[in-house]
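Quick notes on the structure that follows.
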Amino acid sequence: MGNVVLNLEMSKISEMKNYYGKQLLEKNIPGSVFAAKTSACMITAYKSGKVLFQGNDCEKEAGKWGNASAPSKKTTPGAAKSSAKGDVPAGIGEMSAIGSDEVGTGDFFGPITVVAAYVRKEDIPLLRELGVRDSKDLNDEKIIAIAKVIKDVVPFSLMTLKNDKYNQVQRSGMSQGKMKAILHNQAILNVLDKIAPVKPEAILIDQFVQPSTYFQHLKEQKAVAKETVYFSTKAEGIHLAVAAASILARYAFIQYIDKLSEAAGFKIPKGAGAQVDVAAAKLILSKGRDILPSFVKLHFANTEKAIALVNKKQR
Ligand code: MG
């Protein structure tokens, strides 16, 4: 599947909206003016003036409206320098790569979500256009908007370790590091399956342990071949595949927290600060202590603090 981005005047976009009249979709994509689907192409026009064409015949369809924007020729800023950050090969930022990252490991409430995503080198400029960058620079609103668009652009796999299961494996003695290694590995295997027979030029994991420890954790698993995997801290800045994975993982985490909030009847906070102790105490008081394992990571010190708050209230 191909992708083309055009930068167009708003008057042109209005003209397009008329042109695609019968093919317009009811989709409410954040920041968009319209979305339309022809037999061979999905078209999304944004208020920024960017128009995204996706599909087999997208180049032909886009050709009706203008020439693809120049950025597709641009190189990734900083990509060459990035090799200094780890043992990643020079120029990895320009390769077709699978990137993976996780969210939720430091949050008392909610699961761990791990995403691996495949970004082809020719889609790097497109993802940049769509706003993909280090997710730490993006608020939840932006994360959601970008994730909703890129989930249809990049092949990815999401692994969600829900709280009940997390607590069960944690109690059995598994470290968080091992859980993460298993989840990253599985997500990457899933993406490799999805894109086969195509193979990525590189696989980049946002580093959370030493590579030797990572593979040690995977001793009993079918692991992705060592030679093809690179590790780096701050990998989001090295390849957009990691940034995309990070955005999709955060999106999944936010959605999960929303689900928990709905079940709790109040807004569940993120993180592991005092606000989560208060929220967990509130949860215990309204639903009972047995509900906790499906909401939180029990081994966090926050559990004791929440229980102490409950006892204080009940005294
Ligand atoms: Mg990370």
Side-chain angles (χ1 to χ4, degrees), residues 76 78-79 82-88 92-93 95 97-119 127 131-140 142-144 146-147 150-151 154 156-163 166 169-170 174-191 200 202-218 223-224 228-257 270-273 297 300:
T76 315
S82 61
S83 58
K85 283 183 194 158
D87 65 344
V88 299
I92 189 173
M95 294 177 187
I98 292 176
S100 70
D101 199 6
E102 83 282 332
V103 171
T105 54
D107 295 274
F108 181 47
F109 281 99
I112 294 180
T113 57
V114 175
V115 168
Y118 176 58
V119 172
L127 291 185
V132 176
R133 57 194 152 99
D134 197 329
S135 71
K136 286 167 198 81
D137 299 338
L138 301 166
N139 60 25
D140 283 0
K142 280 255 166 64
I143 294 277
I144 293 167
I146 297 170
I150 64 170
K151 71 178 175 36
V154 298
F156 72 95
S157 168
L158 162 69
M159 304 293 297
T160 302
L161 182 57
K162 295 178 184 173
N163 295 87
Y166 176 99
V169 293
Q170 195 277 329
M174 191 186 289
S175 68
Q176 225 194 37
K178 183 164 179 176
M179 294 179 210
K180 286 194 264 187
I182 292 171
L183 294 167
H184 275 264
N185 181 61
Q186 192 55 55
I188 292 166
L189 285 173
N190 292 346
V191 174
I203 298 169
L204 180 61
I205 298 176
D206 190 41
Q207 190 169 342
F208 54 92
V209 280
Q210 285 305 313
S212 57
T213 312
Y214 175 85
F215 287 106
Q216 182 68 21
H217 286 323
L218 296 175
V224 179
T228 58
V229 185
Y230 300 100
F231 296 84
S232 177
T233 55
K234 303 204 170 87
E236 288 184 57
I238 295 177
H239 200 291
L240 276 197
V242 182
S246 180
I247 287 169
L248 290 166
R250 243 178 88 183
Y251 176 53
F253 186 78
I254 293 166
Q255 283 182 308
Y256 203 98
I257 289 286
K270 295 188 199 115
K297 301 180 183 82
F300 278 36

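As the structure lists them, so they are numbered: ligands from 1, and atoms in each ligand from 1.
For the Mg ion (ligand 1), the set of protein N/O/S atoms nearer than 2.8 Å consists of D101 OD1, D206 OD2, ordered by chain and number.
For the side-chain contact (heavy atoms from CB on, under 4.5 Å) test, residues two or more places apart in sequence or in another chain that qualify with A116 are I98, S100, A187, I188, V191. Annotation: ring pair (Phe, Tyr, Trp, His ring centres under 6.0 Å) contacts of Y214 (sequence neighbours excluded): F231.
Sorted by first and then second residue, the salt bridge (charged side-chain N to carboxylate O under 4.0 Å, His left out) pairs involving residues 239-251 (not counting sequence neighbours) are D140-R250.
Taken to the nearest 0.5 Å, the CZ atom of F253 stands 7.0 Å off from the NZ atom of K270. Between atom CD1 of residue I203 and atom OH of residue Y230 there is a gap of 9.5 Å, rounded to the nearest 0.5 Å.
In this structure, R133 does not pair ionically with E236, as no charged nitrogen and carboxylate oxygen lie closer than 4.0 Å.
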